[in-house]
J.: 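Sharing a structure below in structure tokens format, with a few things to ask.
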Amino acid sequence: MKIRLAFFVPVIIFLLFVVVSFWGLYAITTGQRSISDIGFSMQGQPIPDIALASLNQHGQINADAPLDLGDWQGKAYAINVWASWCPPCRAEAPAIHQLSKSLPVLGINQRDKAQDAVAFLDQFGNPYQQIGVDPDGKASIAIGVQALPETLIIAPDGRVILHHRGPVFANELHGSIRDALNTLGIDQ
């Protein structure tokens with residue numbers, strides 16, 4: 001009897017795992033649950049006042065001219081958290097350029113080498129009004145970033161109206177991001 005029970009316990013645990021996983025994927029794909037519900041989201045929250053050393057086009061980090069989110073109070077803008085080593089960041093580069101035509105985009109370069117970040121911008125173009133350097137990821141964590149890339153749309157009152165996890169593609173530009181821009185009164 002012990003042999004049969006020892007065989008069936010792992011099988012039962014595995015089957016429970018499969019059922020729970022299937023249910024989770026089904027709920028996400030049918031729209032019953034959003035993937036953005038997983039983890040902490042800044043959506044609806046005020047953006048913290050963060051100041052980061054800035055990165056210029058020559059790869060120099062300048063603490064005297066920081067990217068200070070407090071300077072953007074009263075203006076609508078987007079924050080895109082990215083890195084040169086991040087393949088999805090490369091994939092979303094054209095969409096971030098498109099977004100920057102409608103709304104100023106601030107870049108937060110996370111855990112990257114300055115020369116690699118500049119090479120990325122040389123290859124894909126620079127859609128950012130300003131770029132802040134987040135060498136240890138602490139500022140990104142403070143704004144709710146869990147994985148790269150992530151994009152936040154900020155209202156003039158400093159409230160996050162959209163916290164988009166993952167790369168931005170055309171379907172988001174014509175979907176959730178367009179809806180956020182419409183909320184701000186911006187035509188895309």
Side-chain angles (χ1 to χ4, degrees), residues 36 39-86 88-90 92-93 95-168 172-173 176-177 180-186 188:
S36 63
F40 172 72
S41 175
M42 287 295 294
Q43 196 153 323
Q45 303 296 316
I47 194 79
D49 188 11
I50 294 172
L52 298 167
S54 62
L55 176 71
N56 69 22
Q57 69 267 16
H58 305 295
Q60 298 165 330
I61 297 173
N62 187 354
D64 296 330
L67 165 61
D68 187 343
L69 297 183
D71 292 345
W72 288 83
Q73 185 70 24
K75 302 172 193 161
Y77 62 96
I79 298 172
N80 177 248
V81 185
W82 63 282
S84 65
W85 47 262
C86 164
C89 299
R90 294 172 177 271
E92 79 168 356
I96 298 301
H97 272 283
Q98 190 66 31
L99 176 61
S100 72
K101 294 177 182 177
S102 302
L103 188 69
V105 179
L106 308 178
I108 295 181
N109 181 248
Q110 186 190 80
R111 296 183 177 150
D112 211 349
K113 294 177 184 172
Q115 64 271 22
D116 292 344
V118 170
F120 177 95
L121 297 172
D122 288 345
Q123 181 179 0
F124 295 102
N126 184 353
Y128 304 112
Q129 292 280 322
Q130 286 184 282
I131 300 171
V133 179
D134 189 11
D136 56 10
K138 288 181 182 177
S140 300
I141 291 169
I143 62 171
V145 172
Q146 294 178 346
L148 298 186
E150 290 192 21
T151 302
L152 296 88
I153 308 290
I154 316 299
D157 65 1
R159 184 177 40 87
V160 177
I161 60 170
L162 178 67
H163 186 159
H164 178 77
R165 297 189 190 286
V168 173
E172 285 88 17
L173 288 176
S176 60
I177 290 179
L181 294 179
N182 288 342
T183 300
L184 294 171
I186 299 171
Q188 190 178 13

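We number each residue from 1, following the sequence as shown. Heavy atoms only: backbone and side chains are in, while hydrogens, waters and symmetry mates are out.
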J.: How close do D49 and G70 get, heavy atom to heavy atom, and via which atoms?
T.: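 Closest heavy-atom pair between D49 and G70: OD1-N, 2.8 Å.
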J.: Is any side-chain heavy atom of L69 closer than 4.5 Å to a side-chain heavy atom of I154?
T.: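 Contact flag for L69/I154 side chains = no.
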J.: Sorted by first residue and then second, give each ring pair (Phe, Tyr, Trp, His ring centres under 6.0 Å) pair with at least one member in residues 123-162; sequence neighbours left out.
T.: W82-Y128, F120-F124
J.: Do the side chain of Q43 and the main chain of H163 share a donor and acceptor less than 3.5 angstrom apart?
T.: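 Yes: the side chain of Q43 pairs with the backbone of H163.
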J.: Taking all atoms of both residues into account, what is the closest heavy-atom pair of V133 and P135, and its distance?
T.: O-CD, 3.3 Å
J.: Do you know the tightest heavy-atom contact between S102 and L181?
T.: CB-CD1, 4.0 Å
J.: With rounding to the nearest 0.5 angstrom, report the CG to CD1 distance, L103 to I153.
T.: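 Spacing of CG (L103) from CD1 (I153) equals 5.5 Å.
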J.: Mind checking whether I143 and P48 have side chains closer than 4.5 Å, heavy atoms only?
T.: yes
J.: Will you find, in the side chains of N80 and E92, an N or O donor that is under 3.5 Å from an N or O acceptor?
T.: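 Side chains of N80 and E92: pair found under 3.5 Å.
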J.: Does a side-chain heavy-atom distance below 4.5 Å link D112 with L55?
T.: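 A side-chain contact is absent here, since even the closest heavy-atom pair is not under 4.5 Å.
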J.: Test of understanding: with ring-ring contact (aromatic ring centres under 6.0 Å, His included), list the residues that count as partners of Y77, not counting sequence neighbours.
T.: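 Per chain and number, Y77 pairs via ring-ring contact (aromatic ring centres under 6.0 Å, His included) with W72.
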J.: Where is the tightest heavy-atom contact between V145 and L148, given as atom of each residue plus distance?
T.: CG1-CD2, 4.2 Å
J.: Where do A139 and I50 come nearest, in terms of heavy atoms and distance?
T.: O-CD1, 3.6 Å
J.: If you draw a 6.0 Å radius around NZ in K113, do more than 12 non-hydrogen atoms from other residues or ligands fall strictly inside?
T.: no
J.: Measuring only between side-chain heavy atoms, which start at C-beta, is N126 closer than 4.5 Å to Q57?
T.: no
J.: Applying side chain to side chain contact (heavy atoms under 4.5 Å, CB included), name anything that partners N62, two or more places apart in sequence or on another chain.
T.: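 Checked N62 against side chain to side chain contact (heavy atoms under 4.5 Å, CB included); matches are S54, D64, A65.
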J.: Any pair with a residue in residues 139-158 that passes ring pair (Phe, Tyr, Trp, His ring centres under 6.0 Å), sequence neighbours left out, goes on the list, sorted by first then second residue, please.
T.: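 Ring pair (Phe, Tyr, Trp, His ring centres under 6.0 Å) check on residues 139-158 returns no pairs.
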J.: Once rounded to the nearest 0.5 Å, what's the spacing between atom CD of Q115 and atom CG of D122?
T.: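 That separation rounds to 12.0 Å.
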J.: For a 4.5 angstrom cut-off between non-hydrogen side-chain atoms, does L121 reach I131?
T.: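 L121 vs I131: side chains touch.
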J.: So, do T151 and I96 sit near enough that their side-chain heavy atoms are less than 4.5 Å apart?
T.: yes
J.: May I ask you to decide if I108's main-chain N or O and D134's side chain share a donor-acceptor pair within less than 3.5 Å?
T.: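 No; judged by distance alone, with no hydrogens or angles, the pair does not exist.
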J.: List for me each residue that meets salt bridge (Lys or Arg N to Asp or Glu O under 4.0 Å) alongside D157, sequence neighbours excluded, and say none if there are none.
T.: R159
J.: If I compare all heavy atoms of I161 with all of A155, which pair ends up nearest, and what's the gap?
T.: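 Shortest heavy-atom contact: CG2-CB, 3.9 Å.
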J.: For E150, enumerate each residue passing the salt bridge (Lys or Arg N to Asp or Glu O under 4.0 Å) test, keeping only those at least two apart in sequence or located in another chain.
T.: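 E150 satisfies salt bridge (Lys or Arg N to Asp or Glu O under 4.0 Å) with R165 only.
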J.: Quick one: does D116's side chain have a donor or acceptor within less than 3.5 Å of a partner on S84's backbone?
T.: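 No, the answer is negative, given that no donor and acceptor are paired below the 3.5 Å cut-off.
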J.: Heavy-atom distance under 4.5 Å between the side chains of L99 and V168, does that happen here?
T.: no
